[in-house]
Each structure stands twice: as C-alpha cells, then as structure tokens.
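This report refers to the structure that appears directly beneath it.
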Amino acid sequence: MRFFSTLIASVLGSLIAVGVLIFLGSLIMAGIIASAVSTSEAPISSESVLVLQLSGPIQESGTADPIYDLFDMPQPQSLNQIRTALESAATDERIEAVWLKPQGAIAGWPTLLEIRQSLLEFKESGKPIVASASGDFAMRESDYFLASAADSIYASPRAFFEFNGFYLGVSFYKGLLDKLNIEPTVLRVGSYKGGIEPYTRENLSSENRAQLTAVLENWNELMIRTIAQARDLSTEAVANLMGAGELLTTEDAHAAGLLDGLLQSEEVESRIGELTGIEGRLKTSSLSRYAPSIPRSSSSHDSTIGIIHASGTIMSGSSSDLSGILGSVSFQRDMKDFRDDDDVKAIVLRIDSPGGSATASESMWQAVKETTKKKPVIISMGDLAASGGYWLATAGDTIVASPHTVTGSIGVYGMHFSIGQMLETKLGITSDHVATSDYADMFSGMRPLRPSERALFERSLHETYSTFLERVSENRDMSIEAVHEVAQGRIWTGQAALEAGLIDKLGNLDDAIALAAEMANLEEGAYRIKQLPVPETLMDQYLELFLARIQSFMESPIEAQLRTEARLIEEAAQLQGTPIARLPLDIEGYD
C-alpha cells in the first residue's frame with residue numbers, strides 16, 4: 001500500500017509541477033509579447049483626444065504595464081504617469097484636447113492638487129479640457145475638484161451629485177473585545193496618539209477629535225477656495241452650497257452653476273468635436289495607450305538626481321506593492337544604490353507613509369543619515385508622512401511638504417491582548433506551561449500583563465519616544481522640550497507643520513527636485529532623473545501570489561499547518577509588545 005500511495009503522490013507532484021511550468025511559461029511569454037508591443041510606438045493618430053479616466057487608487061509612482069491591456073484589465077494609475085502624459089500632450093501635435101472623466105478617484109489631497117495643477121499647465125497650451133461624468137452617480141467632491149480645472153464640466157441628467165462636505169470615520173472595537181472577554185493592555189506616549197482609541201474607547205477623545213477636525217478644515221478650505229475661483233463664485237456661496245445639504249442631483253448642481261450642462265457621453269463627444277474642429281467620430285486614446293508613445297527623454301548628461309519612493313506601511317524586511325508594505329531591507333538597498341552611484345549627485349526621498357514599526361523606521365533613518373554624509377537628501381512629503389514616516393523624514397537635509405500633507409504624529413504606542421479568558425469561556429480551551437522565569441510568557445497573549453511587566457512595557461515605549469524626540473530635535477534645531485510641545489502624537493497638515501517648525505518649505509515634488517539640483521550645484525536641465533524602486537509589474541504580483549499558492553500545494557498537511565501557525569505567531573509577535581509609530585487611522589481624502 002505504501003508503494004501505491006508514494007506512486008500516486010509522485011504522479012500528482014509531477015502533474016502540479018508541469019502545471020506550474022506551463023503557467024509560468026504563459027506569463028513569461030505574455031510578458032515578452034507585451035514588452036515587444038510596448039517598445040514600438042503606439043498607433044496614436046493625428047487629431048486624437050487624450051481620455052483621462054481617473055478612477056480607483058492613484059499610486060505615487062508607476063509606469064504603463066502592457067500586460068494589463070493584454071488581459072483586458074484596467075490599468076493602475078499613478079501620479080507620475082498622469083503628469084508625464086499631460087506634459088507631453090501639451091506639445092504633442094497629435095493631441096487636440098483632453099477629455100477628463102473623474103469618477104471615484106482615490107487619492108489624498110496633495111496628489112489631487114498635483115494632478116489638478118498639471119491639468120492647468122496643459123491648458124496653457126491653448127488646447128481645451130472637457131470634463132464629464134456619466135452613470136447614476138456623477139461625481140463626489142474629489143472628482144469635482146479635478147473636474148474644476150476643465151474649461152467645461154458636464155454630467156448625465158438625473159444622476160447623483162455629492163457636494164456635502166467631508167468626514168473621517170473611526171470604528172471602535174472596545175465593545176467587541178468586552179463581549180469576547182479579550183483584555184487589552186494598550187499604552188501610548190502622547191495625549192494625541194489616537195491609534196489606541198479604537199481598543200479603549202467607544203468614541204473619539206477630545207484631543208483626537210480636535211486634530212482630525214483641523215485636517216478636515218484644511219481640506220475643506222482648499223475645496224471651497226478652488227471651486228470658488230474656478231466657477232467665478234464667492235467662497236461664501238460655495239461654503240453655503242456645501243453646508244446647506246441641498247445639492248443631491250446633477251440638476252441641482254447645474255442650477256447652482258457648478259455644471260455647464262447635462263449631457264450624455266455621446267453629446268459630450270459632439271461638444272468636444274465642435275471645440276476642436278474635429279469632424280466625425282472622435283479618435284480617442286487612453287492613458288495606457290498614449291503613455292508608450294511618449295518619447296523618452298534622452299539626456300546626454302551623466303549627472304543624475306535620484307528619486308526614492310517610500311510608500312506604504314513601514315515594516316522590517318522586504319517591500320511589497322501588493323501588500324502596501326515599505327520594507328526596511330528594500331529601502332536600505334535602494335538608498336545604498338544611490339549613495340554609491342557617483343553619477344547621482346543628490347537624492348529626493350518622496351515619502352507617502354503612515355508609519356509603522358519604530359524599529360524599522362530607525363534602521364531606515366540610519367540609511368538616510370549615512371547618505372547625507374556623501375550627498376544632499378531632500379525630503380518630499382506626499383499625501384502622508386506621519387509618525388514613522390516623519391521619523392524617516394528627520395534624516396534629510398531639507399523637508400518639503402504640500403500644505404495639505406498629513407504629517408507629524410510624533411509619538412508611539414504599544415498593544416498587548418490577553419485572549420486566555422476568551423478561549424476558556426467561549427471555546428472551552430485552557431492552557432498551561434512551564435517556563436524558566438516569571439517573565440517568559442509575558443507576551444504569550446494567554447494572560448494579562450502583571451504590574452511589573454506593564455512597567456517594563458511602558459519603559460520601552462518611553463525610550464522609543466525619547467529617541468523620536470532626539471531625531472526631531474537634531475533635524476529641526478529645536479530643544480527636546482520644544483519638540484515635545486508639538487509632538488504628543490499630534491497630526492498636522494503641512495501648513496500647520498510649517499508654522500510649528502516641523503518642515504522647511506511648502507511645495508510639491510518638482511519643487512523638491514529643483515531644490516536638490518540647487519544643493520548639488522546642477523543647472524536646470526543639466527541632469528537626468530532616475531527613480532527607485534522599480535514598480536512591480538502585474539507579472540511580479542501574480543508570481544508572488546502564485547508561488548505562495550504553489551508552496552501550499554507542495555506541502556504536506558502537517559507542513560501547511562506549521563506554516564500557518566508560524567505566520568500567525570509572526571503577526572502576533574509584531575503586534576504584541578512592539579513600539580508602533582503609526583497614524584491613528586488610514587487617512588485618505590475621504591468625502
């Protein structure tokens with residue numbers, strides 16, 4: 001019997017291996033074909049209209065991946081792609097206009113502002129921009145913010161139109177933990193460090209409410225001021241429209257002067273034809289189709305400014321676009337590559353991170369600090385550069401942020417959950433153990449922390465907070481006491497951070513690049529740009545998922561169980577007793 005079971009296992013293993021090879025071979029062939037297609041100029045006709053369908057997450061960086069088109073999948077969009085396409089289209093004789101279709105774009109306000117600025121710069125070419133929305137739900141505030149850069153804005157009749165202000169929602173789990181008999185020990189350093197509140201409260205503290213309100217007011221002011229200027233309305237009129245709650249349909253928006261007409265998509269197409277003088281059906285080109293046709297800049301200069309994109313939650317180990325992880329090991333490797341490259345004269349570190357592991361943040365800080373000894377490092381803050389993200393920023397020479405960046409949150413917290421009572425009362429599971437000391441099972445999660453253990457935990461957090469304060473004090477030339485006054489885990493907008501002395505200048509990525517060139521004594525246009533890390537392609541992400549799946553196929557049931565247990569233990573170990581420097585919640589430009 002053992003012979004037959006072994007034989008069957010071998011046959012199944014061989015079949016799986018063949019399947020894996022076929023699948024991987026298909027992906028590789030698809031990549032080769034797609035790469036070959038992308039290297040040839042895309043067939044963009046004369047008298048074309050560039051269509052920007054802005055929906056879903058807008059990433060910090062990325063390039064067009066032809067494999068998405070090969071499998072008829074929607075392309076991920078990035079700020080870099082959009083800005084490059086608009087800059088090229090402004091002087092491209094093949095492009096007559098831009099048809100902007102914002103619907104459900106997910107990005108922070110600094111990113112939205114940079115896209116809108118690129119749209120305004122395109123308009124300086126004299127070519128028109130027409131914005132429109134179709135479907136039952138026309139636009140929300142962030143979509144309309146982008147659309148307001150257009151010459152004309154249209155939407156379908158009898159569609160919903162959201163123009164009612166902004167909110168930030170927080171979920172609280174204290175009641176759930178109480179019902180499950182899970183006892184949390186959650187400690188923080190900083191009265192504004194709201195990351196612990198979902199586990200200890202049932203609503204926002206006054207401190208957390210104040211800081212979140214300040215962020216919303218910053219975004220609200222930007223929206224009101226921008227729309228008032230774009231639609232030739234007073235700020236009072238726009239504020240009243242947002243606060244009255246009377247706008248709910250596209251008819252309401254049209255009557256209020258926010259839309260130029262109620263048109264279906266076919267009618268908008270005709271209107272664009274009239275504006276451009278194009279006869280017949282419009283020849284349109286999507287962003288993913290247009291991007292490969294953009295001539296690559298062929299700089300003859302060896303001097304380079306390196307841009308490192310530090311996006312995602314900070315963790316020890318490797319980065320993963322798929323998981324939204326900014327890994328310390330990957331980051332240190334990229335920083336070293338630029339540090340050791342003699343052609344790279346200066347570096348712009350573009351941070352878009354809510355923070356994460358304090359330990360990983362410190363190791364990344366060390367890598368940046370080492371680099372500043374050899375060449376300038378300018379910090380450019382994107383949507384988020386808070387907590388561990390701000391920790392990382394303090395290693396640079398100069399910090400540049402958008403007025404609407406969320407930053408600061410100089411504080412730490414730690415969590416410990418005791419699930420022993422839950423297992424016993426809800427599932428009938430008890431546990432026992434042997435140990436070499438009374439503290440050995442401190443972070444087992446099977447019992448609450450003793451007073452002496454809680455004191456140890458608190459001491460660790462205070463030491464981490466002290467290190468954080470020292471990093472800020474050194475970078476900002478402030479006393480520890482002065483830093484503590486503006487720290488306490490409080491989040492700030494970029495504008496408020498400038499006033500508090502936490503950043504040096506207000507500006508976008510282009511401003512940071514110009515500053516880096518100046519510090520490296522490079523004249524405008526006398527350098528080229530190189531960016532790291534290289535964005536993961538669709539094939540990279542599929543391989544990551546597929547290989548993990550294959551690993552589970554090739555394991556025995558016992559190995560699979562052990563691997564699952566190891567993953568759970570690893571996650572618990574990262575959570576239990578670890579100083580965390582992270583935002584109180586994931587902040588986007590929520591409506």
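All heavy atoms count here, side chains included; hydrogens, waters and symmetry mates do not.
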Sequence neighbours excluded, the answer for salt bridge (Lys or Arg N to Asp or Glu O under 4.0 Å) partners of Lys375 is none
Sorted by chain and residue number, the ring-ring contact (aromatic ring centres under 6.0 Å, His included) partners of Phe338 (sequence neighbours excluded) come out as none
For Asn220, the side-chain contact (heavy atoms from CB on, under 4.5 Å) test, sequence neighbours excluded, returns Phe166, Ile224, Met242
Hits for ring-ring contact (aromatic ring centres under 6.0 Å, His included) against Phe172, two or more places apart or cross-chain, chain-then-number order -> none
Residues at least two apart in sequence or cross-chain that pass salt bridge (Lys or Arg N to Asp or Glu O under 4.0 Å) with Lys369, listed by chain then number, are Glu474
One should read off an interatomic distance between Thr250 OG1 and Met139 CE, to the nearest 0.5 angstrom, of 10.0 Å
Can you classify the ring geometry of His484 versus Tyr465 as parallel (below 30°), tilted (30 to 60°) or perpendicular (above 60°)?
perpendicular
_If we ignore hydrogens and angles and just use 3.5 Å, is the side chain of Thr84 paired with the main-chain N or O of Gln81 as donor and acceptor?_
no
Residues passing the ring-ring contact (aromatic ring centres under 6.0 Å, His included) test with Tyr199, sequence neighbours excluded, are Tyr173, Phe417
Applying salt bridge (Lys or Arg N to Asp or Glu O under 4.0 Å) to Arg209 and not counting sequence neighbours gives none
Sorted by chain and residue number, the side-chain contact (heavy atoms from CB on, under 4.5 Å) partners of Arg188 (sequence neighbours excluded) come out as Lys193, Ile196, Glu197, Tyr413
Contacts of Leu233 meeting side-chain contact (heavy atoms from CB on, under 4.5 Å) (sequence neighbours excluded), chain-then-number -> Arg231, Val238, Leu258
By ring-ring contact (aromatic ring centres under 6.0 Å, His included), Phe163 pairs with (sequence neighbours left out) Tyr144
Check: Thr249 main-chain N/O paired with Asp252 side-chain donor or acceptor under 3.5 Å: yes
Ion pair Glu207/Arg201, N-O distance below 4.0 Å | no
By side-chain contact (heavy atoms from CB on, under 4.5 Å), Ser148 pairs with (sequence neighbours left out) Arg116, Thr226, Ile227, Ala230
Which of Val406, Val486, Asn218, Thr405 passes side-chain contact (heavy atoms from CB on, under 4.5 Å) with Trp492? Answer is Val486
Applied to residues 495-511, the side-chain hydrogen bond (donor to acceptor under 3.5 Å, both in side chains) test, sequence neighbours excluded, yields Arg83-Asp510, Arg476-Asp504, Gln495-Glu499
